[in-house]
2 protein chains.
Amino acid sequence: MAVKLPPLSSLRVFEAAARHGSFTRASEELGMTQAAVSYQMKILEERVGTPLFLRRPRQVVLTETGQRIAPIITEAFELLRAAFVMAEDTSHNFLSITTVTTFATNFLAERIGSFQILHDDIAVRLDTSMSLVDFTREDCDLGIRSGDGQWQGVEAHLLIPAIFSPMLSPDLAQSIGGIKKPSDLLKLPLIDASDPWWKLWFDSMGVQSKEFHGNKRSRMGIQMLEARAAEAGQGVAILTPDFYRDALRRGSLVQPFNEICCDEGRGYWLVYPKARRNIPKIKKFRDWLLNEVQKHACSL
Amino acid sequence: MAVKLPPLSSLRVFEAAARHGSFTRASEELGMTQAAVSYQMKILEERVGTPLFLRRPRQVVLTETGQRIAPIITEAFELLRAAFVMAEDTSHNFLSITTVTTFATNFLAERIGSFQILHDDIAVRLDTSMSLVDFTREDCDLGIRSGDGQWQGVEAHLLIPAIFSPMLSPDLAQSIGGIKKPSDLLKLPLIDASDPWWKLWFDSMGVQSKEFHGNKRSRMGIQMLEARAAEAGQGVAILTPDFYRDALRRGSLVQPFNEICCDEGRGYWLVYPKARRNIPKIKKFRDWLLNEVQKHACSL
DNA sequence: CATAACACATAAAATCTCCTTATGCATAGT
DNA sequence: ACTATGCATAAGGAGATTTTATGTGTTATG
C-alpha cells in the first residue's frame, strides 16, 4: 500500500490518450475539451516525475516509460469495467426476498413458480426468518413482514390483512353435533389457548371467558402447525382464512362462523426501501405479487 | 468503452473500505475523514444502484454484489500500483543521453565505463545525433550539445570550451623543416580550408588571407575525421586540443602554437530540462560528468 | 441498568479540483 | 506563404469532495 497513486481521473485520460496517440481524439472520446486532456496529462507527468508523452508535430507518442505503463493501465481499466458489468448483472438479475414463514408456506410457495416463469432472467432467493428485516443491515431486496405497516423509510403494501376465525375439522365438529353458536367451541380443545386472538375473537362475539390471556404478540409464525393439528382433528385453531382457502374448499377444515376478528391495520406487508422503488427487479416483483394477491382476493 | 465507470475516487475508497471492513480504518489509510468515506460510499452505491455494504453495529460488511466486485477492484488497483512502481523504476534506472558525435567519440566513450561502474543500477543509453535536442519531443534525459549555452528552459553546464588550434603530424611538420611561424602553415594543405575557424585563427595571429571564407557554422561534428587525416599526414587540421590530448601526448599530432582561437561562450554543454534538475539519476550523471571534466582539465 | 466508547450517517460550509473558454504557438500541407 | 491541425497555457467558474460538527445506534463496562 506504500505506493500512492496519481489522481485517478488523470489515469482514465492517460489511458484514452495513449490509445489514440492524440489528446484531441482522447478528449472527444471522453467528452471533454482538448485543454482538459492536456491539463490532466501535465498533472500526471508531474506526479509520475517523468514525461509520458513526446509532443510531436501532429501527434503525441508515448515515451519509454509511457509505453511500459500504458498497457497495464488499460488492463486495469478493463478490470474495473468488467467489475461493474458484473455488478449490474448481479443487481439486476438476483432478487433476494426475506419473508415470514407463514406467508411463505401458505401463499408464496405455491405461486413463486409463476414469477420465475414470467421472469426467467431473475434468480430468486427466498429467506424465511422471524425478525423484521432492516434493509440497511441485511442483504435483501424485499421483505414480507407482519405488522401494522408503520415502518420508517420503507414502502409498504398490504397483502393479506391479519384476520382470524376459528377453524376445525368437519369430523370434530360433527362429534359434538355441529357448531351452532360460538360457545359450542368451548366444548372442544382449543389449540394453543394462550393465543391472544382467541380472547379477541370471543370478546367480539360476546362470549366471556377468563381462559384467554397472554401477551398480544402475534403467533402467526406457527399458524401452519396449528392448522395441521386442526386438520388432524386435535382441536379448534384460530386461523387466517385467506391462508386456508384450499383446506376449506377441500373440506379438510371448516370455518363455522363468518365473523372474524381483526386488528385494524395489522397484516402481511410487502416492504422495501423507498429509495429503491424504481429498480426494475423490485417493480417486477411488486407488480407480480400485488397481482397474485388481487387474483386471490377475487377467487373468493 | 460502452461502460461508464463510477467516479474513480469512490473506487479507491471502496477498495480500502472493503479491505478493512471499516469506514473508519479506510479513512485512516487514505488520510481523510470518516465522513468523507461514508459520503463516497453513498455516491458509489447510488451510482451502482445497489448497496455494496451492510451497515452492521461495529463494522460494515460487503453485500453479495460488494463481495463480487471487491476482489476485482482490488486487483485493478494492484495493477495500477504495479504500473507506477514500474514507471518509477524505469525513470530512475534508465538514463538516456543524446550527444554530439565529437564529444561522444573524443571524450565520453572512454569514460562512460566508470559511470557504469559507479552506478551499476542505472542503465545508460547513448544516442549520437547532430541536431539540438528538444526535450519535449525526444525521449531523452540529458543532452550534450555544442553552442553558446543560451537555450530556453534548460540548465546548461559548459564542459569543454570550443577552442581551436592548428595541428598536424610531426612528420609533415618536419617535411618543411618545422613550423616556426603561423604563415608556415600556409605552405601545407589545410584540411577543409573552408572551415571558418581557419580564418578566425589566422586573423587572430595577424596573418592576412583571402582564402578563408565560408559560413561560421561549427563543423565540430566531423572533427574526428579531420584529426584522422592530419594524423595520416595529409595536411593541417584546426582542432580542439582538449579532444586530442592523447594524440599530442603520444606524438601522433603536434600543436605548433599555443595560441588558440575561440568564440567566447561557445563550447560543449551538458543540458537538461531545468524542471528535472533534482531528479537523482540526472544529478548523478551531472556530478559525475562535471567531475570527469574537472579531472581532465587538471591533467593538463 | 446506566454510561462510556465506538462506528457510521448526515448537514452545512469551506475547499479545491477539474473543466471550459479563449488564445498562442508550432508544424504540415497546399 | 497561408491555412488547418494539434498541443500548451492562463483565467475563471462550476461542481465535486472534504472537513467540521453533530446525531443515532450498538457494544462493553462498572
Side-chain angles (χ1 to χ4, degrees), chain A residues 4-14 16-47 51-63 66 131-138 151-153 273-275, chain B residues 4-14 16-47 51-63 66 131-138 152-153 273 275:
Chain A
K4 64 174 195 299
L5 289 171
L8 295 171
S9 46
S10 70
L11 294 187
R12 188 216 257 103
V13 176
F14 171 76
R19 227 172 337 98
H20 290 290
S22 158
F23 289 0
T24 305
R25 298 301 124 55
S27 73
E28 286 159 6
E29 174 182 319
L30 299 169
M32 51 204 246
T33 59
Q34 169 270 318
V37 173
S38 180
Y39 169 81
Q40 289 292 347
M41 290 306 92
K42 191 176 162 187
I43 296 292
L44 181 58
E45 290 179 329
E46 258 165 32
R47 171 57 185 71
L52 263 16
F53 288 101
L54 302 172
R55 277 64 174 182
R56 290 281 173 68
R58 295 180 89 82
Q59 59 180 355
V60 290
V61 303
L62 290 167
T63 61
S131 54
L132 174 56
V133 135
D134 177 345
F135 291 105
T136 68
R137 67 192 62 183
E138 297 300 332
W151 295 292
Q152 285 282 343
K274 259 203 180 70
Chain B
K4 66 172 193 299
L5 289 170
L8 294 171
S9 45
S10 70
L11 293 187
R12 188 217 260 103
V13 176
F14 172 75
R19 222 166 350 90
H20 289 292
S22 158
F23 289 0
T24 305
R25 297 303 124 56
S27 74
E28 285 158 8
E29 173 181 318
L30 298 169
M32 49 204 251
T33 59
Q34 170 269 320
V37 173
S38 180
Y39 170 82
Q40 289 292 348
M41 290 307 91
K42 192 175 161 189
I43 296 294
L44 181 58
E45 289 179 329
E46 259 165 31
R47 171 59 185 68
L52 264 14
F53 288 101
L54 302 172
R55 277 66 172 180
R56 290 280 173 68
R58 295 179 90 83
Q59 60 180 350
V60 289
V61 304
L62 292 166
T63 61
S131 54
L132 174 58
V133 131
D134 179 344
F135 292 104
T136 68
R137 68 192 60 180
E138 297 300 331
Q152 286 282 344

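All chains are named by letter (A, B, ...) in the order of the sequence lines, taking the proteins before the strands, and each is independently numbered beginning at 1. Since the model is a prediction, treat every value here as computed from it, not as a measurement.
For C:dA7, its base never sits under 3.5 Å from the side chain of B:Gln59 at any donor and acceptor pair. No donor-acceptor contact under 3.5 Å links the side chain of B:Gln34 to the base of C:dA7.
Contact annotation: the side chain of B:Met41 never approaches that of B:Val60 to less than 4.5 Å [non-hydrogen atoms, C-beta and beyond]. Looking at A:Glu28 and A:His20, their side chains never come closer than 4.5 Å, going by heavy atoms from C-beta outward. Contact annotation: the side chain of B:Phe14 never approaches that of B:Ile43 to less than 4.5 Å [non-hydrogen atoms, C-beta and beyond].
Backbone-only engagement by A:Val60 is indicated by non-hydrogen atom pairs under 4.0 Å involving sugar-phosphate atoms exclusively. Nucleic acid contact class of A:Thr24 (heavy atoms, under 4.0 Å, all strands): sugar-phosphate only. As judged by a 4.0 angstrom heavy-atom cut-off over every strand, A:Arg55 is placed among residues touching the sugar-phosphate backbone only.
If you check C:dT20, D:dA8, C:dC18 against the side chain of A:Phe23, the one that comes closest is D:dA8. Of the candidate nucleotides D:dT9, D:dA8, C:dC19, C:dC19 has the atom nearest to the side chain of A:Gln40. Comparing C:dT10, C:dT21, C:dA28 by their closest approach to the side chain of A:Arg58 singles out C:dA28. Nearest to the side chain of A:Ala36, among D:dA10, C:dA28, C:dC19, sits C:dC19. Comparing atom distances between the A:Ser9 side chain and each of C:dA7, C:dC18, D:dA8 picks out C:dC18 as nearest.
Between A:Met32 atom CE and C:dT21 atom P the separation is 13 Å, expressed in whole Å. Rounding to whole angstrom units, CG of residue A:Leu11 and C1' of C:dC18 are separated by 15 Å. Computed from coordinates, the A:Leu8 CG to D:dT17 C1' distance equals 14 Å when rounded to whole Å. Counting to the nearest Å, the P atom of C:dC8 and the CZ atom of B:Arg25 are 7 Å from each other. When rounded to the nearest whole Å, the span between CD of B:Glu28 and C1' of D:dT19 equals 16 Å. Atom CG of A:Leu54 is separated from atom P of D:dG6 by 18 Å (rounded to the nearest Å). Distance OH (A:Tyr39) to P (C:dT21): 17 Å, rounded to an integer number of Å. The nearest whole Å value for the distance from the NZ atom in B:Lys42 to the C1' atom in D:dA16 is 14 Å.
The shortest distance between the side-chain N/O atoms of B:Ser22 and the OP1/OP2 oxygens of C:dC8 is below 4.0 Å. Dashed line: the shortest gap from a side-chain N or O of A:Ser38 to OP1 or OP2 of D:dC7 is not under 4.0 Å. For A:Arg56, no side-chain nitrogen or oxygen approaches OP1 or OP2 of C:dA28 to under 4.0 Å.
The pair A:Glu138-B:Arg56 counts as a salt bridge, with a side-chain nitrogen and a carboxylate oxygen less than 4.0 angstrom apart.
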- [ ] Start with the C-alpha distance between B:Leu30 and B:Arg12, add both sets of side-chain angles, then the distance that settles side-chain contact (heavy atoms from CB on, under 4.5 Å), and finish with yes or no.
- [x] CA-CA 9 Å; B:Leu30 298 169; B:Arg12 188 217 260 103; 3.7 Å; yes

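Mapping A:Met41 and B:Val13 onto DNA chain D by nearest heavy atom places A:Met41 closer to the 5' end of the strand. Summary of the strand contacts: A:Pro57 and A:Thr33 both lie near DNA chain C, and taking for each the nucleotide with the nearest heavy atom, the more 5' one is attributed to A:Thr33.
Of the residues listed (A:Gln40, A:Arg47, A:Glu45, A:Lys42), the one engaging A:Ser10 in a side chain to side chain contact (heavy atoms under 4.5 Å, CB included) is A:Gln40, and it is the only one.
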